[in-house]
Every structure is written in C-alpha cells, then in structure tokens.
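Below is one structure, written out as structure tokens; comments come after it.
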Amino acid sequence: MDSRYNFRQAEKKWQQRWEQANAFQVKEDSSRQKFYCLEMFPYPSGNLHMGHVRNYAIGDVVARYHTMQGLAVLHPMGWDAFGLPAENAAIKHGIHPSRWTRDNINNMRRQLKSMGVSYDWSREVATCHPGYYRWTEWLFLQLYHRGLAYRKQAAVNWCPSCATVLANEQVVGGRCERCDTLVTKKNLSQWFFRITAYADRLLQDLDKLQGWPEKVRIMQENWIGKSTGAEVRFQAEDGTLLPVFTTRPDTIYGVTYMVLAPEHPFVEQLLERQPENAALRAFVDRVKVQSEIDRTSTETEKEGVFTGAYALHPLTGERVPIWVANYVLLEYGTGAVMGVPAHDQRDLDFARKYRLPVRVVIQPLGRNLDDRVMTEACADPGVMVNSGEFDGLDCEVAKLRIIELLARQGKGQEQVNYRLRDWLISRQRYWGAPIPIVYCDRCGIVPVPEADLPVMLPLDVAFEPTGESPLLKSQDFLNTNCPRCGGPARRETDTMDTFVCSSWYYLRYCSPRDEEHAFSGDQVGFWTPVDQYIGGVEHAILHLLYSRFFMKVLYDLGLVPADEPFTNLLTQGMVLKEGSKMSKSKGNVVSPEEIIEHYGADTARLFILFAAPPERDLDWSDQGVEGAYRFINRVWRLVAGAASEVAGAGRIRPGAADLSPEERALRLATHRAILKVTEDISTRFNFNTAVSAIMELVNAIYHYAEQVPAGQRHRAVLRESLVDLALLLAPFTPHLAEELWELLGESGSVHQQRWPEHDASALVVDEVEIVVQINGRVRDRLNVPAGISQAEMEQVVLAKQRVQEMLQGKSLVRAVCVPGKLVNLVVK
RNA sequence: GCGGGAGUGGCGGAAUUGGCAGACGCGCCGGACUUAGGAUCCGGUGGGUUUUCCCUUAAGGGUUCGAGUCCCUUCUCCCGCACCA
C-alpha cells in the first residue's frame, strides 16, 4: 500500500464519478425542505483567482452540508459574461468578444470542476447567451411598460483615452480604472431605470434582512440617503421660481444668501441676459471643467461668485443675494440651497470668505451664540430667535409650524429627498444585452414586441474605439421597421449595463432552459428566495441593491413569491499575500491552478477555510498550505492504516456501556467533534474552528491508537470514529472524504449519507476538573463528580488540604460556585 | 469629518452567555524511527522570575467574587462614504 495519498488520482476519479452520476442535479421536491445556496457568479476573465476559490469553497461547504442534512439543495453556477474586457480583447487582439468569452468560460469551468465544487452544471447560464439575454430584454420591456424605464439626457462618465463611456463602478477616485485617465462628463441621451421610485421600500425592507451583515445594511442605508425636510420656493426678483431643499426649515429666518449650482438653468439665463458679466462666466466655465473629485472633495475650498441677482425671502420678503458656488451640486435636491451660515458649517465657511452676513436664529440651551465672532456653525437644537412669530418656540416645533405656514402660502411643503439617483443603464458598447427599443420618425420611441425578442446582437461588427457603439456601424442591425407603423426605423444601439443581467440571474437558475418564460412560476416559487448568498463585500451596494430593486419590481408584477432576493448574506473577506491585495503589478499573485496541481483541490480548500473566519481578510501562506496538505495525508494514513482492522466491525449502539476509559475518551472526542462541526457550519459560519475540531478528532484517534495496542482495540468504537471523521470531512475535503468512505468499505457516495448526529450519552462524563480560585486567582484544580451541587462543590474544595493550607489565617467571606467549572473563594 | 470593523504569543487564529487566556495550525526546540530525513510518529513551546510566585489580550481608568468579553477615556490600523443642503 502507498504510504501517501495520491490526491491527483483520487480527485480525478471522484470528479468523474460525480459527473457521470449527475450527483448534484436537483429537482423541485415538495417532500423535502428546500435550500438555495448561491455564490456570486464570476466574470469570465479567463482564470479563477484565489478570491473565487474562497468564495466557492465556502459555498460548497454550505451546500454539501445542507444536502447531507437531507435538504433539497439548489447550488448552481453561471457566468456574468457581458462586459468591457471582452470588447477590449477584440480591439487589441482581434478576437471576437463571443469567442474570447466562450474560451474563458470553458477554461474557468474546467478550473471550477477541478476544485470539486458540487454544482448542478445542468443549470449553467451565461448572460451573453441569446437564450438568457432574450429575457434580460424582456425584463427591460416589463420595466418600460410600468414606466420604470425611461430615456433622458444626462451627463455620464467619459474616459477620453479609452474613448468610451464608463460605468460608475469603473471610475475609481475619479479616474478610469484601466488607464488611470481623469474621467470627464459627457452629455448623452440615456436610458434609466427608475430605482428612486423604490427608494423608500428599499430602505424600509432593510429591516427584513436580519440575515445580512449590519455593515452592508448600513452601507445601503447611507447610499439611499433619505433626508426629510422641506422644499421652499424662493423667487428671483424677475419672478423666476428658485426652489431649494432643506432639512432645516426652522432656520429659514437665518437665510442671508442663496447659492445655485453652476449648472443651474437660472445661471444660464442670467448669463444670456447679462453677457457683460465676465466674472460670472469665467467662474462657471472654470467650475464646470473641474473634475468630479476636485469638485466634491471636502478638501476643496469653497468658491463662489455673486450673480448680481437677488431673490426674495419667502417669509420676510427680504432681498437675498444669489450666488453661484462650487459646493452646490445640480444633481442633489433642486441644485439650489438657501445659505444659513449660523447653522451650517459649509455656509459659514462661505459667508466668512465672502463677508456675507451671519444671523443666529436658534439659540441652543445654555449657550449664547454671537454671529459676529462665531467660527463654528451650530446645528444643535434650541430655541427660536430672530424668527418673527416663531420666536421662543422649540426649533422642532417651529420646523412643523414653518412648513405649515409655507404650505398655506403656497411657498413650500414637507419633502423627502434621496441621495439615490436613477440607475443609468445605457452603455455605448457592443458586448452587452441590446436595449429592445426602436426609434421611428413617425411613432417616436417604440418598444420591440415581446414576440420579436431577442433583439440579436450581430456578430459581424467592427470594434474600433471610436466612442460610439459599434452597433451604429452595423447597417443590418441599425435599420429596421417600426413595429407599430411598419415604416423605416432605427434600433437603439446602446446596450445594457451588465448589472442589469446580474440582477436576475438567481431567478433564471430555477428554470434555466425555459423557452417560454424568463422563469417559471412553479420552479421560482419553490426555490426563491436564495437562502444563503455568498460573495465579496465589494458588491455591497451596486449588485445587491439592483437585485433587490429587480426583485421588488418582479414581486409587484406578481412574477416572484418574495420581495427580497437573498435571505442570508455572507460577505467574505479578501485573499491577500503579505498583507496586500494580490495583483499582477505587485507580482504577488498565487495561481489557484498551480496550487491545485501541486497540492490538490482539497488542500487548497482546506487551507482557505482553516486560515481565517470567512468574513475576515485572509493572508495567503505557503507554509499554511503545507500544513493543510500534511493534515490531509495524516488523515488518509490514519484511515488507510486502520481500515482492515475495523473492516466488518459492527456499529456501536448509542449509549453503549462497559467501555474502557480510552474508548470512552475516543467516543467523547468523536461526538464532541460532531456537535462542534455541526454548530460551526450551520449557525456560526466559522469554518476555521470546524476544521480545528476535526483536527482534534484526528489527534484523539491517533492518541487512542497509540494508547491501545492493535488487537486490543475496540473495533466498533474505532470504526465509528473513522466513519464519522469521513462524514465530517465531506463538506470540506470532498474527494478525500469519498476516498476514506471507500477505504472503510462503505457503499455509495459519502455525500449521499446523512450528516452524523451526536450521541448525547457519549458526551456524559462522570468526573469534571474544576478550578479553585482564591480571590479570583487560580490556585488549584481538582476532579469532582459531574453534576454535584454547589454546596457539595464548596464542601469538596474546602476539604482539600492544599486549600486549607492556603486559607490559613484568612477568613472566608463567601464562595462563588459555577457548576462544572470553578469555585471562587473570597477571603480576607 | 461621518459611519463600520479590528487591535490577543514569533505568525494565522481560538476563547459561542462575564467563569481555567492562547484551542487548532504554522514556525521553532527536543526525542523516536532511519543508511538518510526537508517524510512520519511522540513530546515541549506567551513572558518573567528570587518558581508552592508574579506579569500578560493596543494604553489608561471603572463595574464585578471574577473582565479578552461590560462601561468610560485615549491611541493605532483597515474598510466604506465623503461639500447630500
């Protein structure tokens, strides 16, 4: 017999058997509880990286464990296959994006299979397949018909070097992710999804997501950014209405100026009216070309210029100067703010710089703000002053009264404002799902009828980085007939953001080959929502928020049974090397393929699961990998060495008596391990401690074998330990577990077995070691019968000679007894 | 600036409800086996020391019979948001 485990042979063997047996295919089965385990599907970049390995190793533990618990487990995998890198490869190397993507998928599928993950590959989807994107288009139409997809002119991120529009997530610190060029804005006609219509529900329902990390819920909450306040309509002297949004209508009497964003339409009007105002023109032009980061950084000094125009205060009628400043953003609120320097730090900074008046209108309790000298604005609550009829009121009360007054006079009302913006889904790219819209000179915007879907992406397109969608050059694609009037029409040439594709893929897995529907009611009804979703925290906002939005829309359409897609979320940490992110430029990338080739998939998985708890960052350690490899061989040697000895041994009965102390210790270790591993996987997600519990079991079995010579060992007890060991290892090192199962002469696949249950009677011990503390310090230890009363414990402890000696000359104040753990003697 | 997380041996980490700090692994040291050992098995391994003792969970204080865990103050690091009116 080999003294070493041949992982290459074994892993290949079991992967082939699983594949031949369709071991992980699953069907709806109402007799079993369902469990939908999902890991974020990858972009097919060409190769798995360690982050993928971690993600999918974690998912596989969860999936295999629940399968062994008897649940019907859906565990699918697919490809987020549209996206810019494929198009870049086409531009650079002349490979067609579809070919590039297909090759990458094939390679990554092979790599995934070499990891031994228990996917139901019959459900594989790729978002770039017409059978998938047809339904992405269909979903676009559903949103369109509900008024949730609309077209408008908007300023989008533009990379001048790549000559293309960039998605928000591809702008890092205001620069293009790939070429590091400063991103500018470009005005284009774009399609949007009206996610803001769901802002409040997306916020409210975060409370339902108790199975999500609080961190992610908070990030989404901040992203949605709900603020409650009022819209107040100021009026320029020429009559133009200038509404502002404020969260502090109670400070309205403190307004000493107004500020507009440089892009505000009224500024444009003013410039047309007074072309001689060179200062204003220069300022506006300068700020407009400022980059987003420069413009929005808190570091940037506030700058502004007086427009020469005045507005009238809605309550006092006072003339307030209208300024333009870089710190006001057109996109938020109304693009105009009322300046209340006494109670807003930004306004105060601005007012001091340009010597604008400061007026205190709220005095906080116990302080006396002086507007002549204050350098820090005061946002605290207090009593109203300098506020006409509202003087003396508490500002919270005044807030409501002022809103009432404004409403009565038609000058404002209560208003809720969100930071969340509508989702821009147009991309001037080829490699994405076509937007199923036609432009007809006679009928305008016309949606493609559902029966005509999919709008196929043409394959014979030239990819030059011109800055326009390559689809514009495809005459066959571009020119069509209006579905409504039959006249000549043009297709929309922009494609959809890939986040649209990934917002519903978890639904498609339920019925991946359905030609009639995006997803079938029965299947989607059975499987959704996802019970456990696992992926990187970098998707905390984008993908997870978009998916929640989609699910709610589909719920409202009556297409899905739940309005939240992911019940439980686990966000795994990054895989680092020497404390920093693996990257090609740093040259610290560890290749999963090489690790699997060298040590095997089980070793890679085991190391990754053992090295850190899943949500924490994990530092890759070559020595740690060696350790995992050694452990796997150690386990194999143990079982291979004992297999013949325990062959044919009977099963130990739960509660078996008349065992030697060594055998009872072994059973104790075995059943403790079962208990611990079960708890760690199912409720704590602490796979590192689960693995360490298995290691302890292995040590205990070695210990038993060392203590008791061969021939005198209790074969049934030993067999039980080895069998349970194989079962406990199954989710972590699935190939090794199969191999052990076979060595032990068990039939079938270890993964089709029931998860072991601990035998409570094996956990019963008749003696426990307790600690004796004197004034909280450990002074002695002794064994006492398990389950004795506190009084008995105290008695036993006090009777001990050593304890007596230590109590000499002291008086016992009291004794604190913790059953089974310790006795603390408080003495003076 | 705001929000979140973390800080425990030489290293990764454990301690789940306030009850033996350092499980498990790596590394290191020793032993056995061996022609050999970078394999394997067994054992040791927080620090100090005057060794029936003392110190130790970023620092300091507090609550408690008892604190890594709870409270207060401070420091450091990581992540997210960042002029959101």
Side-chain angles (χ1 to χ4, degrees), chain A residues 3-4 213-219 221-223 225-227 229 244-248 251 259 293 295-302 325-329 331-340 344-347 349-350 417-420 537-538 540-541 573-574 579 607 610-613 615-628 630-631 633-634 637 676 679-680 683-684 686 688-696 698-699 702-703 705-706 769-781 802 805-806 813-827:
Chain A
S3 63
R4 226 176 155 78
E214 196 193 9
K215 175 193 168 85
V216 176
R217 291 202 309 261
I218 290 171
M219 281 168 78
E221 190 180 324
N222 292 340
W223 187 264
K226 178 177 181 171
S227 28
V244 301
F245 172 74
T246 177
T247 54
R248 297 294 304 272
T251 64
V259 198
I293 14 160
R295 172 82 180 276
T296 56
S297 163
T298 42
E299 311 298 310
T300 305
E301 194 167 348
K302 288 162 192 46
N326 58 352
Y327 75 96
V328 177
L329 307 172
E331 301 90 67
Y332 186 78
T334 61
V337 300
M338 58 186 213
V340 187
D344 183 291
Q345 190 59 45
R346 294 159 299 177
D347 294 346
D349 292 345
F350 192 76
N417 205 40
Y418 296 93
R419 214 183 75 114
L420 183 71
V537 73
E538 66 274 16
I541 311 255
M574 283 187 300
F607 164 70
F610 178 62
E615 64 283 358
R616 214 187 288 191
D617 285 350
L618 177 158
D619 207 7
W620 186 264
S621 154
D622 294 335
Q623 286 177 334
V625 177
E626 290 279 355
R630 274 205 296 268
F631 174 74
N633 281 291
R634 178 170 157 86
R637 273 192 309 274
K676 173 82 175 146
E679 199 180 87
D680 280 350
T683 59
R684 286 171 17 113
N686 276 11
N688 55 330
T689 51
V691 171
S692 81
I694 297 173
M695 288 172 167
E696 283 179 282
V698 170
N699 292 343
Y702 267 99
H703 188 63
E706 208 209 350
E769 189 186 63
I770 62 162
V771 163
V772 182
Q773 294 185 334
I774 293 176
N775 289 340
R777 293 174 172 279
V778 180
R779 282 293 178 265
D780 201 5
R781 290 154 205 274
R802 192 177 134 77
E805 283 164 16
M806 284 187 291
V813 181
R814 74 158 155 146
V816 181
C817 297
V818 182
K821 290 203 168 139
L822 62 78
V823 174
N824 187 13
L825 302 171
V826 186
V827 300

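Numbers restart at 1 for each chain; the letters A, B, ... are given by sequence-line order, proteins then strands.
Here the side chain of A:F245 is nearest to one of B:G19, B:A85, B:G3, namely B:A85. For A:N686, taking side-chain heavy atoms from C-beta onward, the closest of the listed nucleotides B:A15, B:A85, B:G13 is B:A15. Counting only heavy atoms from C-beta on, A:M219 has its side chain closest to B:G80 among B:G80, B:G19, B:A14. The listed nucleotides are B:G3, B:C24, B:C83; the one nearest the side chain of A:R346 is B:C83. The listed nucleotides are B:G19, B:A85, B:U16; the one nearest the side chain of A:N824 is B:G19. Of the candidates B:C84, B:G13, B:G19, B:C84 carries the atom nearest the A:L329 side chain, counting heavy atoms from C-beta on.
Atom CH2 in A:W223 sits roughly 16 Å away from atom C1' in B:C2 (whole-Å rounding). Whole-Å rounding puts the A:I541 CD1 to B:C81 P distance at 7 Å. Taking atom OH of residue A:Y327 and atom C1' of nucleotide B:A85, one finds them 8 Å apart after rounding to whole Å. B:G18 atom P lies 17 Å from atom CD of A:Q773, rounded to whole Å. Rounded to whole angstrom, the span from the CE atom of A:M574 across to the C1' atom of B:A6 amounts to 14 Å.
At B:G13, none of the side-chain N or O atoms of A:S692 fall inside 4.0 Å of OP1 or OP2 (strictly under the cut-off). Listed pair A:R814 / B:C65 meets the phosphate criterion, a side-chain N or O lying under 4.0 Å from OP1 or OP2. At B:A82, one or more side-chain N or O atoms of A:R419 fall inside 4.0 Å of OP1 or OP2 (strictly under the cut-off).
A 3.5 Å limit on both hydrogen-bonding distances identifies B:C2 as the Watson-Crick or G-U partner of B:G80. Nucleotide B:G27 is matched to B:U45 when pairs are restricted to Watson-Crick or G-U wobble geometry with both distances under 3.5 angstrom. Partner assigned to B:A85 is none, using Watson-Crick or G-U wobble distances below 3.5 angstrom. Nucleotide B:U63: unpaired (no Watson-Crick or G-U wobble partner with both distances less than 3.5 Å). Base pairing of B:A15: no nucleotide in any strand meets the Watson-Crick or G-U wobble criterion (both distances under 3.5 Å). Base pairing analysis places B:U51 opposite nothing; no Watson-Crick or G-U wobble pair with both distances below 3.5 Å involves it. Taking a pair to require two hydrogen-bonding distances under 3.5 Å in either a Watson-Crick or a G-U wobble arrangement, B:G7 pairs with B:C75.
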Heavy-atom protein contacts under 4.0 Å, nucleotides 52-57 of chain B, coded B base, S sugar-phosphate only, - none: B-SS--

Contact pattern, 5' to 3', of nucleotides 30-44 of chain B - B, S or - by protein heavy atom under 4.0 Å: ---------SSSS--

Where protein sits on nucleotides 7-12 of chain B, one letter per nucleotide: B base, S sugar-phosphate only, - none, heavy atoms under 4.0 Å: -----B

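Using a 4.5 Å cut-off on side-chain heavy atoms (C-beta onward), A:W620 and A:V625 make contact. Taking 4.5 Å as the limit, some side-chain heavy atom of A:F607 sits within range of a side-chain heavy atom of A:L618. In this structure, A:V328 and A:V337 have side chains that are in contact, with non-hydrogen atoms separated by less than 4.5 Å. Side-chain contact between A:K676 and A:R684 is present, with at least one heavy-atom pair separated by less than 4.5 Å. Side-chain contact between A:Y702 and A:R637: present, with at least one pair of heavy atoms (C-beta onward) separated by less than 4.5 Å. Using a 4.5 Å cut-off on side-chain heavy atoms (C-beta onward), A:Q773 and A:V823 make no contact. Between A:V827 and A:I774, some side-chain heavy-atom pair lies under the 4.5 Å cut-off. Annotation: side chain of A:Y332 is in contact with side chain of A:F245 (closest heavy-atom distance under 4.5 Å).
Toward the 5' end of RNA chain B, the nearer of the two residues A:N417 and A:Q623, judged by each one's closest nucleotide, is A:Q623. Residue whose closest nucleotide on RNA chain B sits further toward the 5' end, between A:Y418 and A:M695: A:M695.
Of the C1' atoms belonging to B:U34 and B:A39, the separation is 11 Å, rounded to the nearest Å. With C1' as the reference atom, B:G12 and B:U17 are 27 Å apart, rounded to whole Å. Remark: the separation of the C1' atoms in B:A67 and B:G18 is 7 Å, to the nearest Å. Taking atom P on both B:A15 and B:C20, the two are 13 Å apart, rounded to the nearest angstrom. Comparing the C1' positions of B:U64 and B:G30 gives an interatomic distance of 44 Å, to the nearest angstrom. With both ends at atom P, the span from B:C11 to B:G27 equals 15 Å, rounded to whole Å. Between B:U56 and B:G48, the two P atoms lie 15 Å apart (nearest whole Å). Spacing between B:G47 and B:C29 at atom P, rounded to whole Å, works out to 15 Å.
Because its glycosidic torsion is within 90° of 0, B:G9 is reported here as syn.
Residue contacts for A:T683: at a heavy-atom cut-off of 4.0 Å it reaches no nucleic acid atom on any strand shown. As judged by a 4.0 angstrom heavy-atom cut-off over every strand, A:G627 is placed among residues touching the sugar-phosphate backbone only. Nucleic acid contact for A:V771: base, since at least one base atom lies under 4.0 Å from a heavy atom of the residue. If you check every strand for non-hydrogen atoms under 4.0 Å, A:V340 touches nothing. A:I218 comes within 4.0 angstrom of the backbone, heavy atoms only, and of no base. A:S621 comes within contact range of no nucleotide atom at all, as no heavy-atom separation falls under 4.0 Å. Residue contacts for A:K226: at a heavy-atom cut-off of 4.0 Å it reaches no nucleic acid atom on any strand shown.
One finds the CG atom of A:N222 at 12.5 Å from the CZ atom of A:R217 (value rounded to the nearest 0.5 Å). The CD atom of A:Q345 sits 8.5 Å away from the NZ atom of A:K302 when rounded to the nearest 0.5 Å. Taking CD from A:E214 and CD from A:E221, the interatomic distance works out to 9.5 Å, rounded to the nearest 0.5 Å. For the atom pair A:E301 CD and A:N326 CG, the distance stands at 9.0 Å (nearest 0.5 Å).
Residues A:N699 and A:R634 have side chains that bring a donor and an acceptor to within less than 3.5 angstrom of each other. Side-chain atoms of A:T689 and A:D680 form a donor-acceptor pair, as typed in the model, at a separation below 3.5 Å.
Each of A:V818, A:D780, A:V778 was checked for a side-chain contact (heavy atoms from CB on, under 4.5 Å) with A:V771, and the lone residue meeting it is A:V778.
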